[in-house]
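A quick write-up on the structure given underneath.
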Amino acid sequence: MRAYTFLLDVLKTAVNNQGLDWPEKAGIEPPRDKSHGDLASNAAMILGKKAGLPPRELAERVVKEVMQSGPMIARAEVAGPGFVNVFFSNIFWQQTIHAVQNQGQAYGRSQWGEGTKAQVEYVSANPTGPLHIGHGRGAAVGDSLARILRATGYEVSTEYYLNDAGRQMNLLGRSIWARYQQVKGIQAPLPEDGYKGEYILELARELCAEQGERLLAADEDEALRICRQWGVERILAGINSDLDMFRVEHQVWFSEQKLVQSGAVDKTLQDLQTSGLAYEQDGALWFASTRFGDDKDRVLRKSDGELTYFASDIAYHADKFTRGFDLCIDVWGADHHGYVPRMRAAVQALGRRADDLQVVLIQLVNLQRKGEQVAMSTRSGQFVTLSEVMREVGTDAARFIFLTRKSDSSLDMDLDLLKEQSMDNPVYYVQYAHARICSMLARAEERGVRAGRPTEEVISRLNTEEDLELLKMLERFPDTVQGAARTLSPHHISFYLLDLAGSLHRYYNRHPVLNCGDEDLAQARLQLMISVAQVVRNGLNLLGVSAPESM
RNA sequence: GGGCAAUUAGCUCAGUCGGAUAGAGCGCCAGCCUCCGGAGCUGGAGGCCGCAGGUUCGAAUCCUGCAUUGCCCA
């Protein structure tokens with residue numbers, strides 16, 4: 001049983017026996033200072049006034065009850081202004097071995113989000129160019145979030161929203177058409193806002209090789225149509241293969257074009273007008289987003305009749321909710337943050353709570369080489385693609401580094417450091433912990449040492465300070481996963497794993513396992529190692545990072 | 001001009017329902033291989049948690065103002 005829930009039961013009972021109710025605001029937390037116990041509660045301080053007792057006096061009474069709760073709790077004491085500090089017994093922590101090994105891959109999972117249908121929409125890059133490094137960060141975060149939410153009981157669907165209807169597509173077609181003509185020796189200027197990247201030229205060359213002179217003979221509209229369609233297909237194929245290499249899979253690809261063609265956008269606009277949330281003014285159609293806390297009302301259809309992105313985005317989210325999702329999580333680039341209030345307004349206009357949409361913002365990745373900034377800009381064509389980075393540093397290193405920061409703070413990523421496989425590269429530190437244990441297990445096998453069942457007698461040998469440190473850390477894993485789910489923060493898992501790996505390396509240097517000179521003790525420590533390896537695997541799996549047995 | 005976010009050790013960053021003496025990695029200094037993987041470990045120095053007020057038993061955390069930086073919008 002987990003420490004938190006166990007203690008909560010004990011404390012609730014103790015408080016009730018004083019004729020008081022457990023206060024909702026009361027906390028049970030691990031104190032920063034280990035000498036203050038494994039868990040501490042401030043309940044007595046909160047209840048003091050109501051009970052008409054000094055907090056310390058009340059705490060004394062609670063402590064007396066806690067002390068009599070059985071063998072799992074070693075002792076409890078009053079401290080400071082009225083904290084109740086609780087120390088669990090070694091027996092309690094040793095049970096963690098059973099929990100980890102009985103549950104195996106499922107250790108850390110919970111039913112916390114059970115009954116909630118969630119959708120994670122991420123990457124959703126326009127098919128106008130290859131994925132760059134920023135998309136990679138969004139991909140890592142979105143994919144990891146989906147894994148974490150599944151692990152906490154949510155029913156999760158992942159989705160890529162394909163902006164294949166807008167003027168960007170036409171621009172792509174025109175850019176390729178211009179390059180195509182240039183390849184054929186015809187003076188054709190690039191469109192003013194056109195895509196200038198090298199990849200456009202390459203696409204044009206390939207198209208030439210495939211089509212020869214044929215496009216020059218066709219009329220221009222037809223040529224543009226072919227360029228556009230062909231370009232989108234080729235770029236999408238590239239995006240798909242990049243995501244594949246990055247170990248990211250979207251269950252659903254949702255086409256904006258099909259959404260528009262189905263009439264869903266028009267219907268959404270009509271619905272908004274019917275309910276009085278959209279109105280005509282100055283020849284345009286406006287959404288009254290100010291009614292839901294946005295700064296100003298927003299245009300849905302311009303006076304020239306063209307629909308805005310916002311209009312199809314509302315229809316898209318209406319479609320999401322129609323499909324039965326209780327919670328929609330959108331992973332966006334942070335440069336779209338100004339878009340959040342109006343989207344949340346739209347969600348409310350659709351009759352949902354604003355919180356049914358959660359937007360996770362992904363800040364910039366600053367690529368560096370040898371400490372120097374690498375310039376990135378899609379328009380100028382100077383940018384580093386995701387596939388280049390993956391080839392350089394590997395998928396594991398890239399994913400892990402993306403998940404070692406809060407997603408909404410910018411990230412400096414030095415490719416040269418990541419390649420060095422040095423200690424600056426934290427993924428190796430964690431993977432090494434796993435490989436180290438696997439190597440130890442292989443050695444044990446060679447020596448004919450078999451890891452048996454972890455009986456009570458065996459695990460009762462785990463009593464050193466470092467044993468308990470590892471056991472406590474293993475016990476914390478399910479809470480860590482749940483916390484990551486609650487705050488939509490995969491980086492909590494990364495930091496946990498770095499902590500756990502640190503404790504393992506420390507343990508390894510201090511306590512021989514196979515060479516400890518005591519068969520029973522060796523068996524106990526082997527069980528601990530097996531459990532640590534299991535949790536490292538489970539944690540890395542939530543990040544989509546591999547756990548190699550040797551490196 | 002308005003809005004959103006950020007500001008924590010020399011550097012890069014954790015710290016999300018307010019808790020006790022604020023943490024990690026890198027870098028720097030000093031150590032640890034007869035031994036299961038040294039891609040490791042141990043110890044040390046290093047802080048006005050941007051500044052100033054406020055809320056309370058208690059603030060890096062919540063509120064207000066200011067400063068600086070980044071982004072978005074007109």
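By convention in this document, chain letters (A, B, ...) are assigned in the order of the sequence lines, proteins followed by strands, and residues within each chain are numbered from 1. As a basis for the values below, the full set of heavy atoms in this structure was taken, side chains included, without hydrogen atoms, waters or symmetry mates.
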Could you tell me how far apart A:R344 (CZ) and B:C4 (C1') are, to the nearest whole angstrom?
13 Å

Using the 3.5 Å cut-off, write out each protein N or O paired with an N or O of nucleotides 15-24 of chain B and the distance between them.
{"from": "B:G15", "atom 1": "OP1", "to": "A:H491", "atom 2": "NE2", "distance (Å)": "2.9"}
{"from": "B:G15", "atom 1": "OP1", "to": "A:H492", "atom 2": "NE2", "distance (Å)": "3.2"}
{"from": "B:G19", "atom 1": "N7", "to": "A:N42", "atom 2": "ND2", "distance (Å)": "3.1"}
{"from": "B:A20", "atom 1": "OP1", "to": "A:R32", "atom 2": "NH2", "distance (Å)": "2.6"}
{"from": "B:A20", "atom 1": "OP2", "to": "A:R32", "atom 2": "NE", "distance (Å)": "3.2"}
{"from": "B:A20", "atom 1": "OP2", "to": "A:R32", "atom 2": "NH2", "distance (Å)": "3.0"}
{"from": "B:A20", "atom 1": "N6", "to": "A:N85", "atom 2": "OD1", "distance (Å)": "2.6"}
{"from": "B:A20", "atom 1": "N1", "to": "A:N85", "atom 2": "ND2", "distance (Å)": "3.3"}

Between A:Q168 and A:T128: side-chain donor-acceptor atoms closer than 3.5 Å
no

Does a nitrogen or oxygen in the side chain of A:S409 sit under 4.0 Å from OP1 or OP2 of B:A14?
yes

Partners of A:E280 by side chain to side chain contact (heavy atoms under 4.5 Å, CB included), sequence neighbours excluded?
A:Q273, A:L285, A:R301

Determine which bases of RNA chain B form Watson-Crick or G-U wobble pairs with both distances under 3.5 Å, and write the result as a 5' to 3' dot-bracket string with | for other-strand partners.
(((((((..((((.....[...)))).(((((.......))))).....(((((..]....)))))))))))).

What integer number of Å spans the C1' atoms of B:C4 and B:C17?
24 Å

Partner of A:D330 under side chain to side chain donor-acceptor pair (under 3.5 Å), chosen from A:H317, A:H336, A:Q358
A:H317

Considering only atom P, compute the distance from B:C73 to B:A14 and round it to an integer number of Å.
26 Å

Could you tell me how far B:C72 sits from B:U12 if I compare only their P atoms? Round to whole Å.
22 Å

If the plane angle is over 60° it's perpendicular, under 30° parallel, otherwise tilted; pick one for A:F477 and A:Y496.
tilted

What residues from residues 137-144 of chain A pass a heavy-atom cutoff of under 4.0 Å to RNA chain B?
none

With syn defined as a glycosidic angle within 90° of 0 and anti as everything else, classify B:C33.
syn

I'd like to check the side chain to side chain contact (heavy atoms under 4.5 Å, CB included) partners of A:F310; sequence neighbours left out, ordered by chain and number.
A:F287, A:R298, A:L300, A:T308, A:I314, A:Y339, A:R342, A:M343, A:A346

For A:F87, does the six-membered ring have the charged nitrogen or CZ of A:R75 within the cation-pi criterion, i.e. under 6.0 angstrom from the centroid and within 45° of the normal?
yes

Residues in ring-ring contact (aromatic ring centres under 6.0 Å, His included) with A:W22, at least two apart?
none

With A:H511, which residues qualify under ring-ring contact (aromatic ring centres under 6.0 Å, His included), at least two apart?
A:Y507

Taking the P atom of each, how far is B:G44 from B:C11, in whole Å?
23 Å

Please report the C-alpha distance between A:R291 and A:D297 in whole Å, then the side-chain angles of each, then the deciding distance to 0.1 Å, and finally whether the salt bridge (Lys or Arg N to Asp or Glu O under 4.0 Å) criterion is met.
CA-CA 9 Å; A:R291 293 206 208 164; A:D297 292 349; over 6 Å; no

Going by the salt bridge (Lys or Arg N to Asp or Glu O under 4.0 Å) test, which pairs reach into residues 488-504 of chain A, not counting sequence neighbours?
A:R476-A:D499

When you compare B:A60 with B:A52, how far apart are their C1' atoms, in angstrom units rounded to a whole number?
16 Å

Output the rounded distance in Å from CZ (A:R506) to C1' (B:A39).
17 Å

Looking only at atom P, what distance separates B:U68 and B:C26, rounded to whole Å?
36 Å

State, to 0.1 Å, how close A:R447 and A:N515 come at their nearest heavy-atom pair, and which atoms those are.
NH1-OD1, 2.7 Å

Can you tell me the distance, in whole Å, between the CZ atom of A:R405 and the P atom of B:U12?
10 Å

At under 4.0 Å, does any side-chain N or O of A:Y429 touch on OP1 or OP2 of B:C41?
yes

A:Q431 atom CD is separated from B:G40 atom C1', nearest whole Å, by 16 Å

How would you summarise protein contacts on nucleotides 32-37 of chain B per nucleotide, using B for base, S for sugar-phosphate only and - for none, with heavy-atom distances below 4.0 Å?
---SBB

How close or far is atom P of B:G25 from atom CG of A:L497, stated in whole angstroms?
16 Å

Least distance between heavy atoms, A:L526 atom then A:A444 atom
CD2-CB, 4.4 Å

Any residue meeting side chain to side chain contact (heavy atoms under 4.5 Å, CB included) with A:N463, in chain and number order, not counting sequence neighbours:
A:N90, A:Q94

Polar atom pairs between nucleotides 67-73 of chain B and protein, under 3.5 Å, N or O only, would you list them?
{"from": "B:C71", "atom 1": "O2", "to": "A:H337", "atom 2": "NE2", "distance (Å)": "3.1"}

How close or far is atom C1' of B:A39 from atom NE2 of A:H434, stated in whole angstroms?
16 Å

In a check of side chain to side chain contact (heavy atoms under 4.5 Å, CB included) between A:I133 and each of A:V365, A:L364, A:N366, which one passes?
A:V365

Rounding to the closest angstrom, what is the interatomic distance between B:A20 and B:G15 at atom C1'?
16 Å

Can you name the nearest heavy-atom pair linking A:T464 to A:D467, along with the distance?
OG1-OD2, 2.8 Å

Given A:L528, A:L474, A:L462, the one that forms side chain to side chain contact (heavy atoms under 4.5 Å, CB included) with A:T96
A:L474

Going by the rule side chain to side chain contact (heavy atoms under 4.5 Å, CB included), which residues pair with A:S439 if we only count those two or more places apart in sequence or in a different chain?
none

Euclidean distance for C1', B:G19 against B:U56 (whole angstrom):
12 Å

